[in-house]
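As structure tokens, the structure follows; a few thoughts come after it.
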Amino acid sequence: MASGTSGIDSETAARFHELVGKIRLHLSREAIETFPLIKRSTAQWEALAYGYNIEEWRWSSVVIDHFDEARRLVELRYHFTGSMPHEDIRFRGKRAAPFASKTRSFNYLQRTLLHERIIWVPVDGTLEIRLDGQSVPLTFEWPKPKQFSVRPAAVQSLRGSRIPLSKQKKRRKTATGSDRAVSALARAEPIRRLFAGAWVLMDRDVNCNDNAEHLFRYLRKRRRDINAWFVVEKDSPGWKRLRAEGFKRLIPYGSTLWRALCLNARFLVSSHADRYVSNPFVLSNGEKLRWRFVFLQHGVTKDDISRWLNSKDIAGMVASTVDEYASIAGDNSPYILSSKEVALTGMPRYDVLAKNAAGCGAGRRRSITFMPTWRQFLAGKAVGQSNRRDLNPEFFGSEFLHRWLEFLQSDELKETAQEHGCTITFMPHPNLEGYLPEITLPVHVEVVTYADVNVQDVIARSAVVVTDYSSIAFDAAVVHRPVVYYQFDRDRVFGGGHLTRPGYFSYKNDGFGPVAEELGGVLDALRATLEGGVDPAPEYLERIERTFIKPGRACSAVTEMIESLDRPVAVGDHRPTPQAPQIQYLN
């Protein structure tokens, strides 16, 4: 995800492609296909082989890539350059529209070199596809570069083996004693009955109070027919809080009972998609989890995270804004996800946020709230397979800390707060909380953490939210809380220093408040925002209105989406493909 070329300017990118196009004229297709020294994906070698050609090109066959047994759908894929071929899909001999489809674009340094069609169609019947009027073979094998020569090392690797390596029997793994005990527990009749068809909900392993917890609360209150369980570490503040509130369906993350739950679950529903959440273990005998993963998201996706998200096996995913939905599921986006997987529902935590904000009148919005996100280049070493990280000593000498301390310690900030009768609240990203004991802040700055307070209450009480690149700005905006962006290190962040690549969202053109890059600028913007009143300025209010769906029923919409993942799709059902917004590289 982090790339030094992600923030490159358009002129340099255009010059690069001009030069590559000239070099390409001197390379044969055979040389590109057989180049042995760098492992490349199908799309990478196709982009160079065909992406710079004037002539249009496409696969000579269509690949059957995935089968969704629960919904009785099959996924078809093919690659092409230039204009999309005319598609004629026949189901049982009759023309049929796909249930969902999209054109995925492969972009290299701001230029699209290759496209991929992704088509989901019913499987219970004879299927045919014609491209530009010609019947096209259907295959289960992805195209591979043709072998025009054989290197000595490849031949020598076969020495002493008469059986092709792909057909040699693999040695069966033996399960450890603890894994055998887990399997036995998971298969025991009482446990199977208890966890049958379970929905496993979790946020992070070490904390919660995010979308999964809010959906869990809704299910236990309104949909007790769904076998919902919540997972978090037993010694975490979230566990203690939920226990104190009377919730009993809690399972300790990492425990034997949690493993038995995982092996019986139907869905894993989480606000995070890290491996320790979505694919936490494989038993030593090779037994894998068979649940289907539903991604609730931790925040609105505004940047291009396709390189990370495309590696996940996602059955369902939520979106909260029209542009976010289109940027992921729409045509010409870089994601493999389509309207089959992605639903425009809003995030479950928005239901509570909207309720809390509605009950917090103008007279109670008295907090200037600072909520910066973290930086990948300052992250400490990961501790095992979890969300925990070691502290990074370089953090304390970083520009990041210096700039935020300069801001929080500013006399002008203190004076501005006093003039408008506001308090000052500092709420850092959870990944920054471990550094707080070593940081000295002014006594008039209140420090709160996600573990100690409800973030929805903090936003609801805010007169203005100051952040940098955090998607928390969307949470503030959806309930009409003014926003100010302080982006002192934007060149480094968008130049590969953080886990972000430029996406459809421009802070200047789409953001919900003014953008500042220097201390004086952010203080001026903050003062002007407070003088404008408790609501966002008209230009930002107009952006908010066109961005969001109305909050209030996300939990029920998400529940309906998850339930639909178990229902077969009827012939004729169709989900339209949204048009993805154009990426604005000069963010």
Side-chain angles (χ1 to χ4, degrees), residues 65-76 91 96-102 118-125 195-202 211-212 214-229 264-271 273 278 289-297 301 309 312-322 324-326 328-330 333 335-351 549-578:
D65 200 47
H66 287 95
F67 172 45
D68 186 334
E69 183 176 5
R71 309 185 80 180
R72 307 303 297 172
L73 291 171
V74 66
E75 183 187 38
L76 309 179
F91 186 74
F99 172 69
S101 65
K102 70 175 291 183
I118 300 173
I119 309 168
W120 287 94
V121 293
V123 71
D124 294 326
F195 294 148
W199 291 20
V200 180
L201 295 103
M202 71 172 289
N211 288 310
H214 289 290
L215 182 59
F216 175 70
R217 288 174 175 273
Y218 168 83
L219 295 174
R220 295 309 299 151
K221 183 178 181 180
R222 300 288 181 86
R223 292 297 307 274
R224 296 180 74 90
D225 57 305
I226 293 174
N227 191 13
W229 298 82
N264 282 284
R266 181 59 178 165
F267 293 105
L268 182 279
V269 185
S270 179
S271 57
S278 61
L289 301 175
R290 294 187 297 274
W291 59 26
R292 308 183 78 194
F293 176 51
V294 177
F295 187 32
L296 300 179
Q297 296 215 69
T301 295
L309 212 56
K312 310 296 180 179
D313 187 7
I314 296 175
M317 178 176 171
V318 308
S320 300
T321 78
V322 174
E324 179 197 26
Y325 172 64
I328 297 171
S333 88
Y335 296 84
I336 62 174
L337 300 166
S338 68
S339 57
K340 171 186 177 286
E341 296 89 3
V342 188
L344 183 57
T345 61
M347 288 186 288
R349 70 170 185 253
Y350 281 1
D351 288 357
I549 60 172
K550 187 175 181 180
R553 64 172 306 272
C555 285
S556 61
V558 171
T559 302
E560 291 170 9
M561 180 268 286
I562 297 173
E563 289 182 308
S564 74
L565 299 179
D566 261 345
R567 287 196 293 266
V569 171
V571 176
D573 288 353
H574 174 66
R575 290 184 178 174
T577 304

Could you tell me which residues satisfy side chain to side chain contact (heavy atoms under 4.5 Å, CB included) with [X], sequence neighbours excluded, listed by chain and number?
X	result
Arg222	Tyr218
Ser333	Lys102, Tyr335, Ala580
Asn264	Ala186, Ile191, Arg192, Phe195
Val121	Val74, Leu76, Ile89, Pro98, Ile119, Leu127

What is the minimum heavy-atom distance between [X] and [Y], and which atoms define it?
X	Y	value
Ala100	Ser339	CB-OG, 3.4 Å
Phe91	Pro122	CE1-O, 3.3 Å
Asn227	Ala196	ND2-O, 3.1 Å
Ala198	Trp229	CB-CD1, 4.0 Å
Trp199	Ile226	CD2-CG2, 3.4 Å
Ala228	Leu201	CB-CD1, 3.8 Å

Side-chain heavy-atom pair [X], [Y] within 4.5 angstrom cut-off:
X	Y	value
Glu563	Arg223	yes
Leu268	Leu289	no
Met347	Pro551	no
Lys340	Ile118	no

Open item on the list: List the residues meeting side-chain hydrogen bond (donor to acceptor under 3.5 Å, both in side chains) with Ser338, not counting sequence neighbours, and say none if there are none.
Closed with: Glu341
Open item on the list: Holding to side-chain hydrogen bond (donor to acceptor under 3.5 Å, both in side chains), I want the full list of residues that pass it with Ser271, two or more places apart in sequence or in another chain.
Closed with: Asp203
With sequence neighbours left out, write down each residue that passes ring-ring contact (aromatic ring centres under 6.0 Å, His included) with [X], or none if nothing qualifies.
X	value
Tyr350	none
Trp120	none
Tyr325	none
Trp291	none

Can you tell me how far [atom2] of [Y] sits from [atom1] of [X], rounded to the nearest 0.5 angstrom?
X	Y	atom1	atom2	value
Ile328	Ile336	CD1	CD1	12.0 Å
Leu296	Ile562	CG	CD1	6.0 Å
Lys312	Phe295	NZ	CZ	8.5 Å
Leu215	Arg349	CG	CZ	13.0 Å

Task: Residue pair Met561, Val294: steps toward the side chain to side chain contact (heavy atoms under 4.5 Å, CB included) verdict - done: CA-CA 10 Å; Met561 180 268 286; Val294 177; 3.9 Å; yes
Could you check whether any side-chain N or O of [X] sits under 3.5 Å from a backbone N or O of [Y], counting only pairs where one atom can act as donor and the other as acceptor?
X	Y	result
Ser270	Met202	yes
Arg292	Leu565	yes
Asn211	Gln297	yes

- [ ] List the steps, then state whether side chain to side chain contact (heavy atoms under 4.5 Å, CB included) holds for Val569 with Asp68.
- [x] CA-CA 10 Å; Val569 171; Asp68 186 334; over 6 Å; no
- [ ] Kindly state each residue pair satisfying side chain to side chain donor-acceptor pair (under 3.5 Å) with at least one member in residues 565-574, sequence neighbours excluded.
- [x] Arg266-Asp566
TODO: Could you pull out all residues at least two apart from Glu75 that satisfy salt bridge (Lys or Arg N to Asp or Glu O under 4.0 Å)?
DONE: Arg77
TODO: Mark yes when over 12 heavy atoms from residues, nucleotides or ligands other than Asp313 sit less than 6.0 Å from its CG; otherwise mark no.
DONE: no
TODO: Dump the intermediate steps for side chain to side chain contact (heavy atoms under 4.5 Å, CB included) on Leu309 and Thr301, then the final yes or no.
DONE: CA-CA 11 Å; Leu309 212 56; Thr301 295; 5.7 Å; no
